[in-house]
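Keep in mind the model is a prediction, meaning the values are calculated, not measured. A, B, ... follow the sequence lines: proteins, then strands. Residue 1 opens every chain.
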Amino acid sequence: MEYRQLVATYDRLDATASTIEKTEILATAFEDAGELLPELTQLARGRLFAPWEPDDLGVSSSLTARAIANATGVAHDRVEAWYRETGDLGDAAALAVENRSQATLFSGTLDVATVYETLRGLADYEGAGSQDRRIDDIAGLLADADPDEARYVVRTVVGAMRLGVGEGTIRDAVAAAFLDDSEEAVSAVERAYEVTNDFRTVSETARTRGLDGLASLGVELFRPVKAMLARKAESVADALDSTERPLLEYKYDGMRAKIHVRDGEVRVFTRRLEDVTAQFPDIVAAVEAELDAENAIVEAEVVGYDPETGGPIPFQELSKRIKRTSDIEELAAEYPVTVRVFDLLYRGDGSLLDSPLVERLARLDDLLDADGETLERATHLQPESLEDAEAFYGDALEAGQEGIIVKNLDAAYQPGSRVGYMLKVKPTMEPLDLAVVQAKWSEGRKSEWLGRLRLACWDAEREELREIGRIFSGLTDDELRELTAKLEPLVRSVEGRTAKLRPEVVIEVEYEEIQSSTTYDSGYALRFPRFGGFREDLAPEDADRLERVERLYEEQ
DNA sequence: ACTGATTGCCCC
DNA sequence: ATTCGGT
DNA sequence: ACCGAATGGGCAATCAGT
């Protein structure tokens, strides 16, 4: 299949806002794909790998910009300039190909399999010179590409197709292409995807074996199921109101883990389905000792603690263990963990996804060693009243945890994030008033606007601003527009898409937590910062004091 | 052997 | 992770 | 209600450059 055909599909997806039309366009492409269907279901989202496969291409914007320059003979600076202007490296690539120098040869056209295999192959290069080989491979594709082809090759490399196509659209299109558009067909595809996490398997099964084939795809050990995600509730009362038969659990600040046991062998997966078994030998040993099952899937939060005091440690410290490949045992001793178990998805020879939570937990309790040191049920309560629940929430905060999770004991395990299954309640922090010292032009739809603010608090002792991080969401389009108008007159200098500003604008900033930081000169940074409103009444010197930040940090 | 830049459906 | 806008 | 896009701090690994 020629890549040009796929590009035509991309362009049509890009041109329509209607999800119904997007589904139709994709369904047609899937029907025509033949043997290339598995690759096409990945490429449609700009992804090359199934979620649990290592998919480190080792190349993103800066190296790709070099590849574009190499392939087209256009100066690297010009490619960078187009990238800055358009905010999209794919568009910059298209421009570069249009303006390619005479010296480079346009030798032909691409086919889909070549693009897919070449890009996948980037991940295999290691060691000295590997970046050059990656650049050469990408440049090789671009040398054979016309401008539109180049745009989407590059967008695939950098992982930002921006076509409005995600999992939901692929799901609907697979159903429409090989089954029908009934609710039954869509649910069958969805279910198959939830348990396999792989659209290549799902689409190929739907094509060759239809509805029955999809139904035969079930939970398998060592193939992670999508995680059930919580939604936010405003208060304990709200959460209880919308939950039939509530069970409350502490919400811990750690790492979500899915632990599979197959014939006694243990594997640990993250929420995004990365295999981190090698990083957590202590968890493997604890599961072997404290979980009475040869075949099972349990779900848990891995929580670090200080071996000296026994108290909880910041997530930053636990996170040192997650990607570590050396000195594993030393790190395990320095940052030991407890495993707070809260669900059982599989036991013995079958899936428990469709069983109600109350039954899954009863079976989980059967398997857990009551005196285990490392594996322990997440602290939980079946509340009799709102007062009960609020007291439990208070206990959780008192114990230094994030808040609570509210679950429905009658509900099945529902992978993904849906209404009516699971809620989280967390306290809101007092917002900070911070001065805006720098801004960047945004990307994509928002690329005309100055967003992405760098913020500072006021150091009263030294009488100067000290940076404390950036903001990352919370602005409506109107606010972004207003912000841009306010900031543009304050621009002192521009470098790339970054503008340094005279610090005159002060905004309110919400966040989840204050972290210690080596990145910012205040020594602190905000976790999940978001815009809370303009403070027209404040000057930069009126921004929150560093002292207050320090105090809040100590208090939390 | 060291540093700085870059990367990641990373973790949160 | 959180939040916003489109459907 | 759902989906997709766009964005934060901070970590270890990797590699280019010296």
inquiry  = Quick check on C:dC4: syn or anti? Syn means the glycosidic torsion is within 90 degrees of zero.
reply    =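 Chi for C:dC4 falls in the anti range.
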Would you mind classifying the nucleic acid contact of [X] as base, sugar-phosphate or nothing, using non-hydrogen atoms under 4.0 angstrom?
| X | value |
| --- | --- |
| A:Tyr520 | sugar-phosphate |
| A:Leu273 | nothing |
| A:Lys424 | sugar-phosphate |
| A:Glu274 | sugar-phosphate |
| A:Lys426 | sugar-phosphate |
| A:Gly46 | nothing |
| A:Gly159 | nothing |
| A:Arg231 | sugar-phosphate |
| A:Thr519 | sugar-phosphate |
| A:Arg171 | sugar-phosphate |

Under 4.0 Å between a side-chain nitrogen and a carboxylate oxygen: does that hold for [X] and [Y]?
| X | Y | value |
| --- | --- | --- |
| A:Glu443 | A:Arg452 | yes |
| A:Glu190 | A:Arg171 | yes |
| A:Glu167 | A:Lys226 | yes |
| A:Arg191 | A:Glu194 | yes |
| A:Glu53 | A:Arg120 | yes |
| A:Asp136 | A:Arg133 | no |
| A:Asp88 | A:Arg155 | yes |
| A:Asp343 | A:Lys258 | no |

inquiry  = Does atom CD (A:Glu482) have a neighbourhood of more than 12 heavy atoms from anything else shown, all under 6.0 Å?
reply    = yes
What is the distance, rounded to the nearest whole Å, between atom [atom1] of [X] and atom [atom2] of [N]?
| X | N | atom1 | atom2 | result |
| --- | --- | --- | --- | --- |
| A:Leu450 | D:dT7 | CG | C1' | 15 Å |
| A:Tyr193 | D:dC3 | OH | P | 12 Å |
| A:Arg530 | D:dG9 | CZ | C1' | 14 Å |
| A:Phe49 | B:dG8 | CZ | P | 11 Å |
| A:Met255 | B:dC12 | CE | C1' | 11 Å |
| A:Leu57 | B:dT6 | CG | P | 18 Å |
| A:Glu402 | C:dA1 | CD | C1' | 10 Å |
| A:Leu119 | B:dC9 | CG | P | 14 Å |

inquiry  = For a quick check, with a 4.0 angstrom heavy-atom cut-off, what is the B/S/- contact string for nucleotides 11-18 of chain D, read 5' to 3'?
reply    = SSS-SS--
Rounded [atom1] spacing from [N] to [M] in Å:
| N | M | atom1 | result |
| --- | --- | --- | --- |
| D:dC3 | B:dC11 | P | 22 Å |
| B:dC9 | C:dA1 | C1' | 14 Å |
| D:dC2 | B:dC12 | P | 22 Å |

ask   = Between A:Tyr152 and A:Tyr10, does the ring centre distance come in under 6.0 Å?
value =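 Yes, close enough.
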ask   = Should A:Arg527 be listed as having a side-chain N or O under 4.0 Å from OP1 or OP2 of D:dG8?
value = no
message = If you compare every side-chain N and O of A:Lys22 against the phosphate oxygens of D:dC3 (OP1, OP2), does one of them come in below 4.0 Å?
response = no
request  = Return the orientation label for the A:Phe199 and A:Tyr193 ring planes: parallel under 30°, perpendicular over 60°, tilted otherwise.
outcome  =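 It falls in the parallel class, under 30°.
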Side chain of [X], heavy atoms from C-beta onward: which of [options] has the nearest atom to it?
| X | options | answer |
| --- | --- | --- |
| A:Arg272 | B:dC10, D:dG10, B:dT7 | B:dC10 |
| A:Phe528 | D:dT7, C:dA1, B:dC11 | C:dA1 |
| A:Arg271 | D:dG10, D:dC3, C:dA1 | C:dA1 |
| A:Thr270 | D:dG4, B:dC11, B:dT7 | B:dC11 |

For DNA chain B, the dot-bracket pattern of Watson-Crick and G-U pairs whose distances stay under 3.5 Å, | for other-strand partners = ||||||||.|||
Using the 3.5 Å cut-off, write out each protein N or O paired with an N or O of nucleotides 5-7 of chain C and the distance between them.
| residue | atom | partner | partner atom | Å |
| --- | --- | --- | --- | --- |
| C:dG5 | OP1 | A:Asp477 | N | 2.8 |

remark   = Scanning both residues in full, the closest heavy-atom pair of A:Glu334 with A:Pro307 reads O-CD, 3.6 Å
ask   = Do side-chain atoms of A:Lys407 reach the backbone of A:Leu423 as a donor and acceptor pair under 3.5 angstrom?
value =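 Answer holds: no.
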query = For A:Phe222, is the NZ or CZ atom of A:Arg267 found under 6.0 angstrom from the centre of its six-membered ring and inside 45 degrees of the ring axis?
reply = yes
